[in-house]
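Each remark here refers to the structure printed beneath this line.
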Amino acid sequence: GIAGFRPSDRVVDYGCGSLRLGVHLIEYLDHGNYMGLDVTRDFIDIGIDLVGRDTVREKAPHLDAITPTSIATAAAFEADCVISNSVSFHVHPDELQAYCSNLGRMTAKPGSILLFNAKLSDAPTRYAARGWARPLDDFKEWLKPLTFVGTHIRRELQDDRAKNAPIDSAILEFRRD
């Protein structure tokens, strides 16, 4: 399977954008088992063209803009896994609490996992034009009561614009007990 997923798994892709990652999940997962949410429906509509309307009809992915209603729907979806690819390090500090709260709400099913990539640093650090690196302990705190499982593919990010603060790029895994 793809990254350990089974076709019967239910997956929420939070920040699915134009479905560049989602297309593979939609094609792989069983009918109705993919839910993609993004800040705007515009990106999703571009993605539907990428996936193909026939595949969308056949696989019936749930696709929507991020709203309080769609977050509640995603929580009720009982996902086995919530993913958020290339999102956390673009979330403005003022919106980070809502982002983490939404991730926690959608990772509602006991035993479900949350996977997302993040930029990690010893202290909150802004880098590049719209990037933020944050301490791992902050994510652990913000995502309570989810249990931190571990980091995957952790590597140092070389970015002179980060004012020489060491930044690691990692995939973080949390679980709902």
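Quick note: residue numbers are just sequence positions, from 1. Quick caveat: nothing in here was measured; it's all calculated off a predicted structure.
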Less than 4.5 Å apart, side chain to side chain, heavy atoms only: is that true for [X] and [Y]?
| X | Y | result |
| --- | --- | --- |
| Leu115 | Leu172 | no |
| Ile113 | Phe174 | no |
| Asp49 | Asp45 | no |
| Thr55 | Arg57 | no |

Open item on the list: For the backbone of Leu37 and the side chain of Asp64, can you confirm whether one donor and one acceptor N or O come within less than 3.5 Å of each other?
Closed with: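 It does not hold such a pair.
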
Open item on the list: Working note: Phe116 + Phe89, criterion side chain to side chain contact (heavy atoms under 4.5 Å, CB included); need CA distance, chi angles, decisive distance, verdict.
Closed with: CA-CA 10 Å; Phe116 67 99; Phe89 42 88; over 6 Å; no

Grab the two heavy atoms, one from [X] and one from [Y], that are nearest each other, plus how far apart they are.
| X | Y | answer |
| --- | --- | --- |
| Ala65 | Ser70 | O-OG, 2.8 Å |
| Met106 | Ile71 | SD-CD1, 3.9 Å |
| Ser169 | Lys119 | OG-NZ, 3.3 Å |
| Trp132 | Val91 | CE3-O, 3.5 Å |
| Val51 | Leu19 | CG2-CD1, 3.8 Å |
| His90 | Arg130 | O-NH2, 3.1 Å |

Check whether the side chains of [X] and [Y] place a donor and an acceptor atom closer than 3.5 Å, and report yes or no.
| X | Y | value |
| --- | --- | --- |
| Tyr127 | Ser121 | no |
| Glu173 | His152 | yes |
| Asp80 | Ser112 | no |

Task: side chain to side chain donor-acceptor pair (under 3.5 Å) against Asp138, all qualifying residues, sequence neighbours excluded - done: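 Side chain to side chain donor-acceptor pair (under 3.5 Å) list for Asp138, sorted by chain: empty.
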
Determine whether more than 12 heavy atoms belonging to other residues, nucleotides or ligands lie under 6.0 Å from atom [atom1] of [X].
| X | atom1 | value |
| --- | --- | --- |
| Arg20 | CZ | no |
| Asp30 | CG | yes |
| Phe148 | CZ | yes |

Open item on the list: With ring pair (Phe, Tyr, Trp, His ring centres under 6.0 Å) as the rule and sequence neighbours excluded, what pairs involving residues 48-67 come up?
Closed with: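 Listed by first then second residue: His62-Phe77.
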
Open item on the list: With side chain to side chain contact (heavy atoms under 4.5 Å, CB included) as the test, pick out the partner of Ile83 among Leu114, Val11, Ile171.
Closed with: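 Checked Leu114, Val11, Ile171 against Ile83; only one passes side chain to side chain contact (heavy atoms under 4.5 Å, CB included): Val11.
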
Open item on the list: Using the rule given for side chain to side chain contact (heavy atoms under 4.5 Å, CB included), can you reason through Asp9 versus Cys81, listing the C-alpha separation, both sets of side-chain angles and the distance that settles it, and then say yes or no?
Closed with: CA-CA 8 Å; Asp9 286 341; Cys81 183; over 6 Å; no

Task: NZ-CD distance between Lys59 and Glu27, expressed to the nearest 0.5 angstrom - done: 8.0 Å

